[in-house]
Amino acid sequence: MQAHSTMEDELNRAEGLLVNGEDQLAADLLARLAEDAEEYVDRNCPTTDELQWFSFPTLFERLAYRRVENDPRELRDVGEPLERLYGDLGLAEVRLGDYEAAKRALTQAVRWNPMGCEHRLNLADLYRISGDMREYLALSYSVFERASDVRHLARAFTNFAGWFEAEQKPRAQAAALRAARRLDAHDGATDAALDLARGTDHDPDALTDAEARDVLAEEGLPDGANAEIAICLLMCASDVAELGQRDLATRLTLRARDLVGQDASMALLQLIHADDEEGDGDAGQEG
C-alpha cells in the first residue's frame with residue numbers, strides 16, 4: 001500500500017535527521033507524521049475489534065492471537081510504523097530536553113506495542129527523572145509480565161535495585177542485583193550496578209539464590225521471568241522448528257529453560273503440545 005511505503009520513507013528521512021544531529025527538524029517532521037498517522041487510523045481502523053490486538057494484556061494472549069489469526073496484515077502495517085514513529089519522536093524530544101513531550105510520545109509508542117518493553121523502560125526513566133516514582137516502579141514492574149528479552153528483565157531488576165537503595169534496603173538491593181546477574185544479559189546499566197555493588201553491603205554475592213528468592217518474594221517481586229514468557233518462547237520455538245529453522249528453535253528453547261529451569265520448561269512443552277498429541281491419538285484410533 002502506498003500510504004505505508006510513504007510512511008516508511010518519511011520515517012527513514014526523520015531517522016537520517018536524527019543521525020545527523022538535526023533534532024528539531026526531526027521532531028517537527030515526526031510530529032506532522034503523527035498527526036497524519038492518527039487520522040489514517042481513525043479512517044481505516046475505526047472499530048475496537050480491529051485495534052484490540054494491540055491492547056491484549058499479556059504476551060501469551062497476543063502470541064496466541066497471532067497464531068490463530070495469522071498476524072493480520074492491516075493491523076501489523078498500522079502498529080509497527082506507529083510504534084517506530086513515536087519511539088523516534090520520543091528520542092528527538094529527549095535530545096531537545098522536552099521530557100514532557102517525550103513522555104507523551106513514548107506513551108503512544110507503548111500504546112501501539114504494549115508488549116514491547118524498550119519504550120516502556122525508557123518511559124519509566126523519564127518518570128524517574130521527573131520524580132514520579134509511582135509510575136517509574138509501575139512501568140518497571142510491568143516488564144516482568146511482558147518481557148521476552150532477558151535484557152529488559154535485567155534492566156527491570158536493576159531499576160528496583162536502585163529503588164531499594166533509595167529506600168535503604170541493602171538486602172533487597174542485593175537480591176534484585178543477583179536476579180539481574182543470573183539472567184546474564186550483559187546490559188550496560190546492570191553491569192555498571194554490579195560493578196558498584198562489589199564489596200558493599202548490597203553485594204549480590206552476600207546472598208544465595210534461595211535467599212535472594214525469599215527476599216524478592218517478601219518485596220512482592222518475582223524471582224525472574226514468569227511462566228508466560230517461557231511459554232511464548234517455546235511456542236515460537238515450535239513454530240520456527242516447523243519452518244526448518246532448528247538453530248533458532250534450539251536457542252529459543254534454551255532461553256526458556258534458562259528462565260524457568262529444565263523441569264518447568266519440559267512441563268510447559270508438554271502442555272503446549274498436549275492438544276497435538278490428543279489429535280494424533282484420535283486420528284490413530286479412527287484409523
Side-chain angles (χ1 to χ4, degrees), residues 1-56 59 62 66 71-132 135-136 138-140 142-143 146-149 151-152 155-156 159 187-189:
M1 294 176 66
Q2 184 63 33
H4 297 146
S5 63
T6 299
M7 170 72 82
E8 183 174 359
D9 292 342
E10 292 294 277
L11 286 173
N12 289 338
R13 186 160 73 92
E15 289 170 357
L17 292 171
L18 286 171
V19 169
N20 293 329
E22 299 178 80
D23 300 328
Q24 188 61 63
L25 290 175
D28 292 342
L29 172 57
L30 290 165
R32 291 196 300 272
L33 287 175
E35 292 179 5
D36 293 342
E38 293 295 346
E39 290 181 7
Y40 174 85
V41 171
D42 289 340
R43 290 195 309 270
N44 294 278
C45 298
T47 68
T48 301
D49 289 342
E50 287 178 297
L51 296 176
Q52 187 179 14
W53 187 67
F54 296 106
S55 60
F56 282 166
L59 183 60
R62 188 179 186 202
R66 291 182 67 175
D71 193 6
R73 179 176 175 79
E74 66 276 15
L75 298 184
R76 183 179 65 247
D77 285 352
V78 171
E80 291 181 359
L82 283 176
E83 176 196 358
R84 180 182 168 192
L85 188 163
Y86 283 115
D88 288 347
L89 180 57
L91 172 60
E93 297 294 2
V94 165
R95 289 183 177 180
L96 292 170
D98 192 340
Y99 290 170
E100 290 303 314
K103 281 195 287 188
R104 290 193 295 271
L106 290 181
T107 298
Q108 290 299 315
V110 171
R111 169 196 173 196
W112 288 106
N113 184 7
M115 296 305 111
C117 291
E118 187 71 29
H119 300 311
R120 192 174 290 270
L121 286 164
N122 290 337
L123 182 58
D125 288 341
L126 291 177
Y127 276 111
R128 176 181 55 80
I129 291 170
S130 65
D132 190 337
E135 287 296 328
Y136 170 70
L139 285 162
S140 298
S142 70
V143 171
R146 292 166 170 82
S148 58
D149 190 321
R151 293 173 302 171
H152 296 151
R155 190 170 161 191
N159 284 358
D187 172 76

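The model shown is predicted, which means the values in this text are computed figures rather than measured ones. The figures that follow rest on heavy atoms only: side chains count, while hydrogens, waters and symmetry mates do not.
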For residues 97-104, which side-chain donor-acceptor pairs fall under 3.5 Å, sequence neighbours excluded?
unit_1: Asp98; atom_1: OD1; unit_2: Ala101; atom_2: N; d: 3.1
unit_1: Glu100; atom_1: OE2; unit_2: Lys103; atom_2: NZ; d: 3.1
unit_1: Lys103; atom_1: NZ; unit_2: Ser130; atom_2: OG; d: 3.4

Once you round to the nearest 0.5 Å, how far does [atom1] of [X] lie from [atom2] of [Y]?
X	Y	atom1	atom2	answer
Gln24	Glu93	CD	CD	7.5 Å
Leu123	Thr107	CG	OG1	4.5 Å
Leu106	Tyr127	CG	OH	9.5 Å

Over all atoms of both residues, closest heavy-atom pair of [X] and [Y]:
X	Y	value
Ala109	Gly87	CB-N, 3.9 Å
Ala124	Ser140	CB-OG, 4.1 Å
Glu135	Asp132	N-OD1, 3.2 Å

Name all residues meeting the side chain to side chain contact (heavy atoms under 4.5 Å, CB included) criterion together with Leu91; count only those two or more places apart in sequence or in a different chain, and write none if there are none.
-> Leu18, Arg95
Considering only heavy atoms from C-beta outward, does the side chain of Tyr136 approach that of Leu126 to under 4.5 Å?
-> no
Side-chain contact, heavy-atom cut-off 4.5 Å: Leu89 with Leu33?
-> no
Output, in order, the C-alpha distance, side-chain angles, deciding distance and verdict of side chain to side chain contact (heavy atoms under 4.5 Å, CB included) for Leu82 and Gln108.
-> CA-CA 8 Å; Leu82 283 176; Gln108 290 299 315; over 6 Å; no
Among His119, Arg128, Arg120, side-chain contact (heavy atoms from CB on, under 4.5 Å) partner for Leu139 |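 That would be Arg120; it is the only one of His119, Arg128, Arg120 passing the side-chain contact (heavy atoms from CB on, under 4.5 Å) with Leu139.
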Tell me, with the steps shown, if Leu29 and Arg13 meet side chain to side chain contact (heavy atoms under 4.5 Å, CB included).
-> CA-CA 9 Å; Leu29 172 57; Arg13 186 160 73 92; 3.6 Å; yes
Basic-acidic side-chain contact under 4.0 Å: Glu118, Arg151 | no
Side chain to side chain contact (heavy atoms under 4.5 Å, CB included) between Arg32 and Asp28: does it pass, once the steps are laid out?
-> CA-CA 6 Å; Arg32 291 196 300 272; Asp28 292 342; 4.0 Å; yes
